[in-house]
J.: 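Quick one: structure below, then a few questions.
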Amino acid sequence: MEWIVWVYDTAIGEYKNREAIWIWSIDSNGEYYLIIDPNFRDYFYIDSKYISIRKLNQILRMELGNLYRDIEVNEVTRRLYGVEHIFYKVSGGFEAVKKASDVLSKKVGEGIYEDDIRPSQKYIMDMNLNPCGWYRFKVSNVTTIDNVSVGVLEEFTPIEERPYPEVRVLSVDVILGSRYGEPDPEYDQVLGIVTYDGENVNNYLLDGNDYNIIRLLETDVSRVDPHVIVGFELNQYIWPYLTERLKKLRRGLKIGKIGGEAHQSVLGHFSVGGRVNIDLKEYVDDLPIFQRKTLEELAGYMKMDLPEYAIDKYLYYDYWSRDREKLIKYVEWRVKAIYNTFKGLEDHIFVLSNITGIPPDYVFTASSGRQAEYYIMKIGRRHGEVTPKVSLRRYRTYPGGLVLNPKPGLHDNIAVIDYKSMYPSIMIKYNISPETIVKSSEGNVVYFDEIGYGVRSDIRGLIPTILEELIRRRDEIRSRLKSLDPSSREYKLLDARQRVLKILANTMYGYMGWIGARWYSYEGASIVTYLGRRTISLSIDKAKELGLNIIYGDTDSIFVDYNIDLINELIKWVSDTLGLEAKIDKVFKKILFTEAKKRYAGLTEDGSIEIVGLEYVRRDWCDYAREAQYVIVKNLLEGASKDKLLDLFRDFVRRLRRKEVDIRKLIIWEQITRPLSEYKVNAPHIEVAKSLSQEGWRIKKGMFIGYIINKGSGPLYKRAVHYTKADPNYIDWDYYIYNQLLPAIVRILSPVGISEKTLESIARGGGVGLDMFV
DNA sequence: TATAGGCATACGATAGGCAGGGC
DNA sequence: TCCCTGCCTATCGTATGCCT
């Protein structure tokens, strides 16, 4: 029988009492298919340098007992960091291979590879069966279990370029709360579960025993039968809580296909057999554009309606007791937002999964470094590369990008020239990869005296090969996009593809300098940044020689007078002499620099305001000061008079003086970056976190603490309170005038000649003297 | 349960200078 | 005159979050 289906997961299951690979998939109507491959054998490699084949067989025979019959050993040639080695490939049943690698790790220790990669992942890579792709399967022994068609694999072939099927999605959110701080699954019942299937919101509220509402969730899942279950903080919070609640009943959470229970797999991720479990929190955590990692930010980014009021989880229990309706309305907004956000992100998720080979429900759980690594592993084995082990190494830093001191003040017509993908281009051009770096300058080597390493030119590195392929594939897609309608399904998918390829290419340099990388190269990363510094220095020299005035520069960009002829000459020189591509990134009609690097504000040609590095973009400044800085710098760049700017400032001061500011705009947000006991100095957010901890809240790394400064004497940390407990009568309004608003405005006005003294006297209510009459 | 290094900034901790007072 | 105490200031260290 032949099935044309879309694969979304591979897992280890069983067939006739033996472990087998299960391939979960759906057809274009969303019907489920499970294809079983009983023939895949797990394996690992052991380097022949460390053991003879006779000794190897001897150990395995002695240690494995009956399992030895399930093992096969072959001599193969593979590469390790580009160098050919003879390996013994030990393959067989999953259990036998696992046991064999355990035994050899103990007896031999070194030289064992790929025993640390899950068989289902090896299957994806070796068979080239990429998740989130379409395939034609030939199967036999077809049966139906529940509503899943099950067949045994005979062969398959990929089908290129089909749009994704419509997936059924169920979003889930819960109401957890406790009178005593952090809800504890040991004592605190689940207060409510809310789901959304794209049409109906269902809310199940506690009425007696919470077992009943968890049952209702399970019923919902089997009724909707979703391909995807999506939530916010599912893996770290919701699934562990629900499974813990059910432990009392000695049963699991039954939300998988074919009666499967959700179970914890690697790294705290929960696996729901046969369904894709997506936690959007893991997506926002990885992206710096989301400053506070909230669902509201994500929803705003996806251009969705925001809730009328957001309720902090610290207040869930309060609302549950006092104003339940409001809480439920908010959580209903959440499930809809989660659902719709997933719908907006699904192309990205599926494309990322398809390209990296990481199944979709795990792709956000993997860090961006690991995502890149899976891609390298996949491409590497096509070149016969064995995947190296992650080894323990000493952490070492190396010099990074070059940053110029800016020329402070207001400048007109400044162009930003930057290098197109500077680091990836350097890595390709100079062949930089862990295996191409050498210490000696002998032979076919391009040697860099300044850092004492060279790069071989007689072999092509794996990383540059991969980068070239990424860039080539992306260029192909981008040229195809030109002829497509941007609103079409095909365009959107291809656009998602080219974006993922770009992200992967841009990750490779950082990956190579990451101590946890399998393809780590301190020397390689050092050479990349060295060449980056050299490239930018040479361009600066050339720009000066051409007569361009340089205002600023950072890593791969220089800010110069917008003289198009000279700039074109410079760009041509870069291409001819350095062999790299530079371009005009943007042009500022006006740009303001302070004395500081990495901080400026500009007005672009199209009239938009861009603020970089200044208080306005930092979450550890209160919104009020941030907004004031934005308004005043915008006016400044748009040519407002000094008087106008001072008037604006005076207004901002006045509203604080009169306590007319919404206290939500006074919250300062800071992240907890380590266990509370490891802090060496007192700080407001730490003190507030400690008090929350006393109230029973578990304070974990990565949490954000929002606080407000109250009146009183002594250091700030003694006067900070959690924002949910702030009272306008106790707020230290002076702190907000002198330590938030004033510095943010001094920063942008002092470079244009408005002194700190002037501003300070306005802040004090003096200067012009009108304040006393209002 | 980290892709890299470079950088600004605030505030707490700490040391040193100095004045004033008591013996 | 010596020494202790409290206050002020300069400097250093810690912590955070940004930029490319």
Side-chain angles (χ1 to χ4, degrees), chain A residues 235-236 266-269 282 285-286 288-289 291-292 364-373 375-376 390 395-406 416 418-419 421-424 463 503-522 524-526 528-530 532-533 536 552-558 585 594-600 610-621 668-674 678-687 700-702 704-705 709 714-720 735 738-740 743-744 746-747:
Chain A
N235 288 329
Q236 297 298 325
V266 271
L267 311 179
H269 177 72
E282 291 170 342
D285 274 347
D286 274 1
I289 51 166
Q291 286 189 318
R292 287 188 32 225
F364 283 163
T365 308
S367 69
S368 48
R370 293 282 170 233
Q371 288 170 12
E373 188 161 87
Y375 186 77
I376 302 174
V390 188
Y395 176 77
R396 283 194 290 170
T397 58
Y398 55 89
L402 183 68
V403 190
L404 303 185
N405 276 310
V416 182
D418 70 3
Y419 280 88
S421 308
M422 185 195 243
Y423 287 168
I463 304 288
I503 293 168
L504 284 173
N506 288 342
T507 306
M508 290 298 165
Y509 149 72
Y511 171 79
M512 203 169 73
W514 170 39
I515 194 169
R518 292 172 189 264
W519 279 275
Y520 173 66
S521 175
Y522 169 85
S526 309
V528 175
T529 54
Y530 160 71
R533 292 192 299 279
I536 205 77
Y552 177 62
D554 186 349
T555 309
D556 65 349
S557 68
I558 49 175
D585 180 42
T594 69
E595 306 262 334
K597 297 169 173 179
K598 298 188 184 282
R599 313 188 118 208
Y600 54 87
E610 246 174 66
I611 300 185
V612 178
L614 293 166
E615 286 73 6
Y616 170 69
V617 301
R618 298 180 60 97
R619 68 157 168 259
D620 56 351
W621 284 75
I668 296 161
W669 290 95
E670 280 179 278
Q671 192 175 185
I672 300 293
T673 60
R674 64 199 75 175
E678 284 177 20
Y679 280 93
K680 290 179 183 153
V681 292
N682 295 308
H685 69 300
I686 304 308
E687 214 55 31
K700 283 188 297 194
K701 203 173 128 179
F704 291 94
I705 305 290
I709 299 297
L716 291 180
Y717 68 86
K718 289 190 175 154
R719 301 192 275 127
Y735 170 80
Y738 296 109
N739 295 60
Q740 291 278 315
V746 167
R747 191 97 53 223

J.: Can you run down the side chain to side chain donor-acceptor pair (under 3.5 Å) pairs that involve residues 395-404 of chain A, sequence neighbours left out, and say none if there aren't any?
T.: A:Tyr398-A:Tyr509

J.: Expected output is a numbered-order residue list: members of residues 510-520 of chain A with a heavy atom under 4.0 Å from any atom of DNA chain C. What is it?
T.: none

J.: Test of understanding: with salt bridge (charged side-chain N to carboxylate O under 4.0 Å, His left out), list the residues that count as partners of A:Asp285, not counting sequence neighbours.
T.: A:Lys281

J.: Quick check for you: among B:dT3, B:dG5, B:dA10, whose closest atom lies nearest to any side-chain atom of A:Tyr398?
T.: B:dG5

J.: Please identify each residue that fulfils salt bridge (charged side-chain N to carboxylate O under 4.0 Å, His left out) with A:Arg533, with sequence neighbours left out.
T.: none

J.: With sequence neighbours left out, what residues match A:Ser557 under side-chain contact (heavy atoms from CB on, under 4.5 Å)?
T.: A:Val416, A:Asp418, A:Asp554, A:Phe559

J.: Looking at residues at least two apart in the chain, or sitting in another chain, which of them share a side-chain hydrogen bond (donor to acceptor under 3.5 Å, both in side chains) with A:Tyr530?
T.: A:Glu450

J.: Measure the spacing between CD1 of A:Ile503 and OG1 of A:Thr507 and express it to the nearest 0.5 Å.
T.: 7.0 Å

J.: Under the rule for side-chain contact (heavy atoms from CB on, under 4.5 Å), what residues qualify as partners of A:Glu595, not counting sequence neighbours?
T.: A:Pro408

J.: Which range-with-range stems can be found for DNA chain B when each stem has 3 or more Watson-Crick or G-U pairs in a row and both distances sit under 3.5 Å?
T.: B:4-22 with C:2-20

J.: For A:Trp621, enumerate each residue passing the ring-ring contact (aromatic ring centres under 6.0 Å, His included) test, keeping only those at least two apart in sequence or located in another chain.
T.: none

J.: Residues two or more places apart in sequence or in another chain: which of them pass salt bridge (charged side-chain N to carboxylate O under 4.0 Å, His left out) with A:Arg370?
T.: A:Glu373

J.: When the P atoms of C:dC19 and B:dT1 are considered, how many whole Å apart are they?
T.: 29 Å

J.: Report all side-chain donor-acceptor pairs from residues 611-618 of chain A shorter than 3.5 Å, counting only partners two or more places apart or in another chain.
T.:
{"unit_1": "A:Glu615", "atom_1": "OE1", "unit_2": "A:Gln629", "atom_2": "NE2", "d": "3.0"}
{"unit_1": "A:Glu615", "atom_1": "OE2", "unit_2": "A:Arg599", "atom_2": "NH1", "d": "3.4"}
{"unit_1": "A:Glu615", "atom_1": "OE2", "unit_2": "A:Arg747", "atom_2": "NE", "d": "2.7"}
{"unit_1": "A:Glu615", "atom_1": "OE2", "unit_2": "A:Arg747", "atom_2": "NH2", "d": "2.7"}
{"unit_1": "A:Arg618", "atom_1": "NE", "unit_2": "A:Asp620", "atom_2": "OD1", "d": "3.1"}
{"unit_1": "A:Arg618", "atom_1": "NH2", "unit_2": "A:Asp620", "atom_2": "OD2", "d": "3.1"}

J.: Suppose you measure atom P in C:dT20 against the same atom in B:dA2; what distance do you get, rounded to whole Å?
T.: 26 Å

J.: Give the B/S/- string for nucleotides 15-20 of chain C, one per nucleotide from 5' to 3', where a protein heavy atom under 4.0 Å of the base yields B, of only the sugar-phosphate yields S, and otherwise -.
T.: SBBSBS

J.: Could you tell me whether A:Asn739 contacts a base, only the sugar-phosphate backbone, or nothing, with contacts defined as non-hydrogen atoms closer than 4.0 Å?
T.: sugar-phosphate

